[in-house]
Amino acid sequence: MEKIKMTTPLVEMDGDEMTRIIWQKIKDKIILPYVDLKTEYYDLGLLNRNATKDQVTVDSANAALKYGVAVKCATITPNRQRMEEYPELTEMWKSPNGTIRSIMGGTVFRTPILIDSIKPIVKGWKKPITIARHAYGDIYRAVDFATEQPGEAKLIFEGRDGERKEVSVMKVEGPAVWLAQHNKEDSIRNFARSCFQYAIDMKQDLWFSTKDTISKTYDGYFKSIFEEEFENYRDKFKELGITYFYTLIDDAVARVIRSEGGYIWACKNYDGDVMSDMVSTAFGSLAMMTSVLVTPDGKYEYEAAHGTVTRHYYRYLKGEETSTNPIATLFAWSGAFKKRGELDGIRELERFGEIIEEAALNVLNRGIMTGDLVNMTEPGTEVRKVSTDELLDAIKEEMEILF
Ligand code: NAP
Ligand code: MG
């Protein structure tokens, strides 16, 4: 078979440890035999971030904005322990994901990959639930303090051009604790746009929840911006037969549990933090969770939701064969190919991404899986635990059948 040609490069962001090893295996076994791969390569491995004073991370994010589709390997975010492990580090470099997100803007969507033999803890869930978390403000950028004496707290805003607002928060007769939080119009609007854009991409309903019955101005502000923005997407939603559905957060939680899944749930920052852990745990495994950063104007960065799987890497370095799950990283690549193919009108490239996913699911559904999944399968499932290499080989064989 002739190799599939690409016109625009993918922005390739390489990473660290076990996922870096898996990255190369995926390229060698699954991609390079079939695709005339065009990438603009950025090495976000910790040592190269250090050597470039983290410029490589900034450059890679700008490239993602330029070309529109990036695929990222998991990377180490250095902490004190890592500073000892890598004495050559000149600084405790910031999280690459944080840097990329602050340059690209946009929203992270996390979606579980489902297989037949691993049932979600919530019995009714048949289809994935994607969580979109607003990643700015609220309690994450709040100021707070405690006080001892009786007194009054006030909230004051002083506009640069004279606008002034002052309200009494509360008068208290004893010790108390206080918190002020904020959010920004453009951040909420961009969040809304990314969510509508991604719902259209996925052809799935979008849910959004807040507590605007109690927080009438603050959460009401979120609700109104979503309503306003929806007007720009209403026709497209209608054409695709998908809906935008707003409800209160407590009602949303009850509905989510009773639902079959198959939609995108947009959450405010704190709700998204909590609900994404709840949803991902109930669906199974972090190793089966994909993640994509989507900007309001439709730029994409695909990755696995898990980290660099350090413990497996140290076993690998000792020469042991590991059974690390490559599926989420593989789906980051397939997602990027599907999107690049769609944007460039290269149907073969889109199809290639689909074939990777079909093949991977077929293999997993036959019970061939890595160690992390084996213990999660339904009782009575016939499984064969394989190494990372064996799994990728089985997926490649399956792809040959599907082509
Ligand atoms: P992790 O790499 O996700 O691994 C945590 C544990 O989850 C592993 O030890 C392993 O359990 C299991 N696991 C995760 N992915 C797996 C896979 N693909 N296959 C099989 N098992 C898997 O998280 P971490 O240990 O907290 O962090 C390690 C490094 O990753 C840190 O330096 C952190 O900064 C970085 N990190 C990066 C990203 C990112 O780039 N997006 C995200 C999170 C963390 P067992 O060991 O029990 O098998
Ligand atoms: Mg959390």
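Predicted model, so just to flag it, every value in this text is computed and none were measured. In this chain, residues are counted from 1 in sequence order. Atoms within each ligand, like the ligands themselves, are counted from 1 in listed order.
When atom types are taken as modelled, the side chain of Arg193 and the backbone of Thr295 share no donor-acceptor pair closer than 3.5 angstrom.
For ligand 1, the atoms lying closer than 4.0 Å to a non-hydrogen atom of Arg82 are 29 (C), 31 (C), 32 (O). Using a 4.0 Å cut-off to heavy atoms of Ala287, the atoms of ligand 1 that qualify are 16 (C), 17 (C), 18 (N), 19 (N). Near Lys72, meaning under 4.0 Å from one of its heavy atoms, ligand 1 places the atoms 40 (O). Residue Glu303 approaches ligand 1 through these ligand atoms, each under 4.0 Å from one of its heavy atoms: 41 (N). Interface of Thr77 with ligand 1, defined as ligand atoms under 4.0 Å from a residue heavy atom, comprises 32 (O), 34 (O). Less than 4.0 angstrom separates some heavy atom of Ala74 from each of these atoms of ligand 1: 40 (O).
A centroid separation of 6.0 Å or more is found between the aromatic rings of His134 and Phe208. The ring of Phe237 has its center closer than 6.0 angstrom to the ring center of Phe230. Remark: aromatic rings of Phe196 and Tyr244 are close, center separation under 6.0 Å. With ring centers used as reference points, Trp125 lies under 6.0 Å from Phe283.
Using a cutoff of 4.0 Å between basic side-chain nitrogens and carboxylate oxygens, Arg189 and Glu228 are scored as salt-bridged.
For ligand 1, the polar-atom distance check against Ser323 finds no nitrogen or oxygen pair separated by under 3.5 Å. The N/O atoms of Thr308, backbone and side chain alike, include one that comes under 3.5 Å of an N/O atom in ligand 1. The N/O atoms of Val309, backbone and side chain alike, include one that comes under 3.5 Å of an N/O atom in ligand 1. Checking only distances, Thr310 never comes within under 3.5 Å of ligand 1, N or O to N or O. Checking only distances, Asn325 does come within under 3.5 Å of ligand 1, N or O to N or O.
By the criterion of a heavy-atom distance under 4.0 Å, both the backbone and the side chain of Thr75 are placed next to ligand 1.
Selection from Ser285, Cys73, Pro96, Gly307 by nearest heavy atom to atom 44 (C) of ligand 1 gives Gly307.
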